[in-house]
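Note sheet for the following structure.
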Amino acid sequence: MTDRYHRSRELFARARQVIPGGIYGHAAPATTVPGGTPFFAQAGHGCRYRDVDGHEYIDLMCGYGPMLLGYHHPEVEEAVATARARGAAFNHPTELTVTLAETLVRRIDFADWAVFAKNGSDLTTWAVQVAREATGRRKVVKVAGAYHGSHAWCSPGHGGLLPEDRQHVLELPWNDVAALESLAATHGADLATVVLTPFHHPAHGDSVLPSPEFVAAVEALRKRHGCLLVLDDVRCFPRLHLGGSHRAYGWQPDLAIYCKAIGNGHPLAACVGRGDWQVPASRVFLTGSYWHDPAPLAAALKVLEISDREDIPARLEATGRRLVEGLLALGKQQGLALEASGPFALPYVRVGNDPGFQRTQDLCVAAAAEGVFLHPHHNWFMSLAHTNAEIDEALTRLGRAVAQVSAQGS
Ligand code: PMP
């Protein structure tokens, strides 16, 4: 371990005394490179943040997605402050709940209704229950390696789970039409839902776009068996398409879930659905202590307004292309083979021929030391706050990291 993250390590030692595992979930040091990147953040502005040791980073992870417009975006923070000044969690919803539902119904072509919660997991799980309620069936098909949250039916963890939790969950490889048809042949009459992300963005793997054949096969299945397509758009919306990521690839969802970026960091998740499922949805219990808190709803309304004004998908695609093409060119210059996958707005780049991700981890450690925060086995995120000048600055810094890893050899 390097001394560069001294204060991070001190805090982690304190955390381990009083918090199980010290830091849990995707922010745990073990999920990146233990000791090689910071553990604790201090403050952020625009596309940069500082860690507790005072180092500044150009952030290419965007808080794992929520930071769409930049940390502490003035218009969003003003909307939040105005809502917050009126109070926090009331006995009732406020008008903002209705206004945001109306806004999403206008924006998302298939949606006739919306509900809100705080986390993606809250609503991927609820959507599965709605699909079961609507169809009276049990089986859920998901893609192996796809993440849909921390709840028992889909958690990638092991602790505290029972085999029964997954009894009705069936998995298939992404884009595997034959596997989908075989599952349908065996379980069609009991098939409640297929849960998919817009494109496959597994941890510890390259991103893969959907093949037109896979999209068509899911649609045929939906029509033939009357099961629901739940699109888990938690990670992508609105980076790929302002009308929902299904529009980018031709999916025909029944329900879709949005989260991460919708409040630019203020906690909110939304599930929208077709009118056919509004009555069954009303029968599936849904609540949470803070779910009507108006401030994140105000944030989301502002985020959507700014996303339209700034044409977020086009901007992020251009920014991501500049980053990815620049990085691949640096690899070529320095003799380090790099491979990119996924859409430019949520790109993923790793060192080629690196099955254990060791060299990709080395690259991320070297990048952090140069002031650029990347992840070795999770897709990255672009934001509106990444200007061309900041991408170019990131590339200059990454050039030194690439040279260092290239010099280390394989
Ligand atoms: N689905 C996807 C695709 C996600 O990326 C995530 C969060 N990483 C979730 C669901 C779960 O969301 P949350 O962590 O807010 O519960």
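Values below: every heavy atom of this structure, side chains too, minus hydrogens, waters and symmetry copies. Both counts, for ligands and for their atoms, begin at 1 and track the order of listing.
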Pairing donors with acceptors under 3.5 angstrom, does anything connect the side chains of His168 and Lys139?
yes
Would Asn119 count as being in polar contact with ligand 1, using the rule that some N or O on each side must be under 3.5 angstrom apart?
yes
Could you find the nearest protein heavy atom to atom 5 (O) of ligand 1 and give me its residue, atom name and distance?
Arg235 NE, 2.9 Å
Starting from atom 15 (O) of ligand 1, find the nearest protein heavy-atom neighbour and note its residue, name and distance.
Gly120 N, 2.8 Å
Arg397 vs Glu393, salt bridge (Lys or Arg N to Asp or Glu O under 4.0 Å): CA-CA, chis, key distance, verdict
CA-CA 6 Å; Arg397 293 166 183 239; Glu393 182 186 338; 2.7 Å; yes
Asp190 and Arg137: salt bridge (Lys or Arg N to Asp or Glu O under 4.0 Å), yes or no, with the steps?
CA-CA 5 Å; Asp190 201 13; Arg137 304 176 190 165; over 6 Å; no
Does Ser121, backbone or side chain, put an N or O under 3.5 Å from an N or O of ligand 1?
yes
Considering only heavy atoms, does Tyr64 approach ligand 1 within less than 4.0 Å through its side chain, its backbone, both, or neither?
neither
Assess His201 for proximity to ligand 1: is some non-hydrogen atom of it under 4.0 Å away?
yes
Ignoring angles and geometry beyond distance, decide whether Asp232 reaches within less than 3.5 Å of ligand 1 through its nitrogen or oxygen atoms.
yes
Closer than 3.5 angstrom, by distance alone: can the side chain of Tyr348 be matched with the main-chain N or O of Pro376 as a donor-acceptor pair?
yes
Below 4.0 Å from any atom of ligand 1, is there a heavy atom belonging to His26?
no
Counting each atom of ligand 1 from 1 as listed, which ones have a heavy atom of Lys260 under 4.0 Å away?
5 (O), 7 (C), 8 (N)
Is the Phe110 ring parallel, tilted or perpendicular to the His246 ring (thresholds 30°, 60°)?
perpendicular
Can you report which non-hydrogen protein atom sits closest to atom 4 (C) of ligand 1, along with the distance?
Val234 CG1, 3.7 Å
For residues Ala368 and Arg4, report the shortest heavy-atom separation together with the two atoms involved.
O-NH2, 2.8 Å
Classify the angle between the aromatic ring planes of His375 and His378 as parallel (below 30°), tilted (30 to 60°) or perpendicular (above 60°).
tilted
Can you find an N or O of His148 that's nearer than 3.5 Å to an N or O of ligand 1?
no
Do Gly149 and ligand 1 have an N or O pair less than 3.5 Å apart?
no
Go through His292 and Asn91 one step at a time and tell me if the side-chain hydrogen bond (donor to acceptor under 3.5 Å, both in side chains) criterion holds.
CA-CA 9 Å; His292 292 303; Asn91 297 321; over 6 Å; no
